[in-house]
Trainee: 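I'd like to ask you about the structure that follows.
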Amino acid sequence: QKEVEQDPGPLSVPEGAIVSLNCTYSNSAFQYFMWYRQYSRKGPELLMYTYSSGNKEDGRFTAQVDKSSKYISLFIRDSQPSDSATYLCAILDYGGATNKLIFGTGTLLAVQP
Amino acid sequence: DAGVTQSPTHLIKTRGQQVTLRCSPKSGHDTVSWYQQALGQGPQFIFQYYEEEERQRGNFPDRFSGHQFPNYSSELNVNALLLGDSALYLCASSGRGWNGYTFGSGTRLTVV
C-alpha cells in the first residue's frame, strides 16, 4: 500500500465550478498535510498546509483533514482558468532524524473558460 | 528576494555518463532537499543536506550522491546514468521555524 494515494485525474471543469481534490494516506501518525500546485514546467508551489484535523481557508481555497478516515481534501471555489495545473497532496514525515515530504501522484486540473 | 535557483534548466546526457545538478537555496534557508519527479508522478525524496552533512536518504542507489557547501548551496551527482533516470530533479529548501519547503523550477534531465 502506498503511503499517499491520489486520484491522478485528469479533471476538467467549467469556469466557476467548485473543485474537490482528494487524497488518502496510510500512517495515522502523520500530522502535517500540504497541498502544492505545479504549473507545467515549474516546481511545486505551496498552497496551504494544515496541522492535524480540521479545516483551513485561504481565499477561494479550503483544505480539510479528517484524521479518523485518513482523508485530506482541497476545495477550490469559483474556479478560474488560471487554476489549471497539477495539484499535489503531500504529507510531512517528521520525527527524529526524518524530515521529508511524501507526495501523491498529483491530479491534473483543467478549468475551461 | 530570490527563491530557490537551479541550474541548468535542461540537460541531455547519454547512458553511462555522469551529471551534476546545482541548487542555491532561498535566502535564509539552510536545509536543502532533492527530489526526483518522473513524468506523471509526484516527487520522490532523494536526500537532504544540513550543515554540509547528508542527514537522511530516500530509496535511491549509491549512484546518487550529493554535497552541500558552506554557503548552503548544494549539488546532486548521478553516476552511470540509466534511461530511467530521466526526470525532473527538484531542489527544495527550508529554514528554522519550518513553514513549508520552497521548491525551485527544477532541472529536466533526459538520458538517451
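Quick caveat, the model's predicted, so the values are computed rather than measured. Numbered from 1 within each chain, the chains take letters A, B, ... in sequence-line order.
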Trainee: Using non-hydrogen atoms only, which part of Gln37(B) is less than 4.5 Å away from chain A: side chain, backbone, both, or neither?
Mentor: side chain
Trainee: Between Leu46(A) and Phe103(B), is any pair of side-chain heavy atoms under 4.5 Å apart?
Mentor: no
Trainee: Would you mind reporting whether Pro44(A) and Leu90(B) have side-chain heavy atoms less than 4.5 Å apart?
Mentor: yes
Trainee: Does atom CZ (Arg15(B)) have a neighbourhood of more than 12 heavy atoms from anything else shown, all under 6.0 Å?
Mentor: no
Trainee: Among Ser105(B), Gly104(B), Gly106(B), which residue has the highest count of heavy-atom pairs closer than 4.5 Å to chain A?
Mentor: Ser105(B)
Trainee: For Asn71(B), is the CG atom crowded, meaning more than 12 foreign heavy atoms sit under 6.0 Å from it?
Mentor: yes
Trainee: Does atom OH of Tyr94(A) have more than 12 heavy-atom neighbours, drawn from other residues, nucleotides or ligands, at distances under 6.0 Å?
Mentor: no
Trainee: Give the cluster check for Leu88(B) versus Phe60(B): same hydrophobic cluster or not, with ILVMFWY residues linked at side-chain heavy-atom distances below 4.5 Å.
Mentor: no
Trainee: Group every Ile, Leu, Val, Met, Phe, Trp and Tyr by side-chain heavy-atom contacts under 4.5 Å, then state whether Phe61(A) and Tyr36(A) land in the same group.
Mentor: no
Trainee: At what distance, to the nearest 0.5 angstrom, does CZ of Arg41(A) lie from CZ of Arg108(B)?
Mentor: 6.5 Å
Trainee: If we only count heavy atoms from C-beta on, is the Lys100(A) to Gln48(B) side-chain gap below 4.5 Å?
Mentor: no
Trainee: Quick one: do Tyr32(A) and Leu101(A) end up in the same hydrophobic cluster if we chain Ile, Leu, Val, Met, Phe, Trp and Tyr together by side-chain heavy atoms under 4.5 Å apart?
Mentor: yes
Trainee: Could you tell me which of Pro43(B), Ser33(B), Gly42(B) has the largest number of non-hydrogen atom pairs under 4.5 Å with chain A?
Mentor: Pro43(B)
Trainee: Provide the closest heavy-atom pair for Leu92(A) versus Tyr101(B) in the form atom of the first, atom of the second, distance.
Mentor: CD1-CE1, 3.9 Å
Trainee: Check for me, please, whether Leu109(B) and Leu76(B) land in the same ILVMFWY cluster - side-chain distances under 4.5 Å, paths through other members count.
Mentor: yes
Trainee: Following the transitive rule for hydrophobic clusters with a side-chain heavy-atom cut-off under 4.5 Å over Ile, Leu, Val, Met, Phe, Trp and Tyr, establish whether Trp35(A) and Leu109(A) coincide in one cluster.
Mentor: yes
Trainee: Do Gln41(B) and Leu88(A) come within less than 4.5 Å of each other through their side chains, counting heavy atoms only?
Mentor: no
Trainee: Is there a side-chain contact between Asn99(A) and Phe45(B) in this structure, where contact means two heavy atoms from C-beta onward sitting under 4.5 Å apart?
Mentor: no
Trainee: Can you tell which part of Tyr50(B) gets under 4.5 Å to a heavy atom of chain A, answering side chain, backbone, both or neither?
Mentor: neither
Trainee: Please look at Glu45(A) and chain B and tell me whether the side chain, the backbone, both or neither of the residue comes under 4.5 angstrom of a heavy atom of that chain.
Mentor: neither
